[in-house]
Amino acid sequence: MTRPLEGITVVSIEQAVAAPFATRQLADLGARVIKVERPGGGDFARRYDESVHGQASYFVWLNRSKESLALDLKAEAGRRVLDELLATADVFVQNLAPGAAARMGLDAAALAERNGSLIVCDVSGFGAGGSWETRKAYDLLVQCQTGLVSLTGTAAEMAKVGISIADISAGMYAYSGVLSALYLRATTGQARAVEVSLFDSLAEWMGQPAYYTRYGGTQPPRVGASHATIAPYGPYTAADGRAVLLAVQNEREWVALCGEFLGDPALAEDARFRTGSARVAHRAELDEVIAARFAELDADRVGELLDACGIANAGLNSVAEFLEHPALVERDRWRDVAIPGATVQALVPPANLAGVAPRMDPVPDVGEHSAAILAGLGRDAAEIDRLRADGVI
């Protein structure tokens, strides 16, 4: 079985989440990904926690199917190795500290002079140009700067999103940007650089509240687990104390909810609730009506009745419950993946390409493939031993 990116070599100087997420997805499609790490410690994300058989949960998630090359880039011998790799690579990805790539001669312009077919992908915090170019950017900082945190939580307290959403969005755009650049190179022969920032990526995801705020005159309110601009769309507590989330997306569903679940068809034409905007404006009154009906039923019966009238609904799962979700278990979405010293279960990538199984190879230890990579560059065993003794690898 040939995977779409077999034959493509990616060299990445990466750490944390954004760039590793992009390159792992390239590896899923068959690319050879050489992850350049610091000798000894490696990617600092390796030490975020020890929850996965002694390995960090972030690192296990983001780094399967890669080769780890431990390389001291400050050493002349280490830099020669990197230059040799880049001379024949297809893609170079980096998310070094602001300005570091340029100081090392690893910016897109410098690399284009040495390898005109190399696609360079730079992942930064706030993007090139402007007064924020050199500022450090971590996920929560970007959530704050884009206004996302001001939208998340309750009226009483703001909250961050519970996953690294800025890093993840940047990783997705870097991944799609590299794929686009590979397609462009294949069709035109031109290698184009890709530049992605955490800020720009999350700014794009802020599109709906941005429009709502700029043209509506006020930003969406913080309403906890409910939807800020659609109602009813949120959780309510049933008689047995369990919460069920319901979501009304259109007027047909609203009419069905009123007549079939709430037992009050006239409510659909009540001036307070006749339109989506009216329901949001009178959310508190609407919530009282729905909450009263929920209080008459246990959660299972709520779900049955909502299903019967075509209203989307769901329980509020914990992470442990999500792990056993029927949509994962019944569809065989878990695969065994080796990590140093153990085996873990990993989710199959979400894009199912007909007839092609994703690559799901082991998560590497620091420098696990250094000797093999150097041998592939023509270094003999004695030289490899010498580089190791000198701390270059």
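Computed from a predicted model, the values in this text were never measured in an experiment.
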Within [range] or reaching into it, pairs that qualify as salt bridge (charged side-chain N to carboxylate O under 4.0 Å, His left out) - sequence neighbours excluded:
range            : result
residues 82-94   : R79-D83, E84-R379, D90-R185
residues 133-153 : none
residues 235-251 : D240-R242, R242-D300, E251-R279

May I ask you to test the [X]-[Y] pair for a side-chain heavy-atom distance under 4.5 Å?
X    : Y    : answer
V329 : E324 : yes
S169 : L198 : no
I13  : F92  : yes
E368 : P362 : no
E288 : E285 : no
V10  : V178 : no
T146 : W205 : no
P340 : Q55  : yes

[X]: partners by salt bridge (charged side-chain N to carboxylate O under 4.0 Å, His left out), with sequence neighbours left out:
X    : answer
E260 : none
R114 : none
E321 : none
E113 : none

Should the pair W61 and Y58 be assigned to parallel (<30°), tilted (30 to 60°) or perpendicular (>60°) ring geometry?
tilted

Only counting residues at least two apart or in another chain, list the ones meeting side chain to side chain donor-acceptor pair (under 3.5 Å) with N313.
D307

Search all heavy atoms of [X] against all heavy atoms of [Y] and return the closest pair with its distance.
X    : Y    : answer
D107 : A102 : OD1-CA, 3.8 Å
A181 : V194 : CB-CG2, 4.0 Å
H53  : T343 : NE2-O, 3.8 Å
A70  : S370 : N-OG, 3.0 Å
T23  : S12  : CG2-OG, 3.7 Å

Measuring from atom [atom1] of [X] to atom [atom2] of [Y], what distance do you get when rounded to the nearest 0.5 angstrom?
X    : Y    : atom1 : atom2 : result
L141 : F126 : CG    : CZ    : 6.5 Å
L85  : N115 : CG    : CG    : 11.5 Å
R192 : C121 : CZ    : SG    : 15.5 Å

Is the shortest side-chain N to carboxylate O distance from R64 to D28 below 4.0 Å?
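Yes, R64 and D28 are salt-bridged.
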
Neighbour count above 12 (heavy atom, 6.0 Å) for Y138 OH
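No - once you tally the heavy atoms of other residues, nucleotides and ligands closer than 6.0 Å, there are 12 at most.
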
With sequence neighbours excluded, give me every side chain to side chain donor-acceptor pair (under 3.5 Å) pair touching residues 384-393.
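Not a single pair qualifies under side chain to side chain donor-acceptor pair (under 3.5 Å).
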
Going by side chain to side chain donor-acceptor pair (under 3.5 Å), name the pairs with one or both residues in residues 29-50, residues two or more places apart or in two chains.
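For residues 29-50, and leaving out neighbouring residues, the side chain to side chain donor-acceptor pair (under 3.5 Å) pairs sorted by first residue read E14-K35, R32-E67, K35-D43, K35-N63, E37-R46, E37-S68, D49-S51, D49-S57.
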
Which pairs of donor and acceptor atoms, one on a side chain in residues 352-360, lie under 3.5 Å apart (sequence neighbours left out)?
residue	atom	partner	partner atom	Å
N352	OD1	R333	NH1	2.9
N352	OD1	R333	NH2	3.4
R359	NE	D361	OD2	2.9
R359	NH1	A31	O	2.7
R359	NH2	S65	O	3.3

Between the side chain of T187 and the main-chain N/O of L184, is any donor-acceptor distance below 3.5 Å?
yes

May I ask you to decide if D332's main-chain N or O and R335's side chain share a donor-acceptor pair within less than 3.5 Å?
yes

Can you confirm if the aromatic rings of F261 and F294 lie within a centre distance of less than 6.0 Å?
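Ring-ring flag for F294/F261: true, centres closer than 6.0 Å.
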
Report the residues that fulfil side chain to side chain contact (heavy atoms under 4.5 Å, CB included) with E304, sequence neighbours left out, ordered by chain and then residue number.
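By the side chain to side chain contact (heavy atoms under 4.5 Å, CB included) rule, E304 matches R301.
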
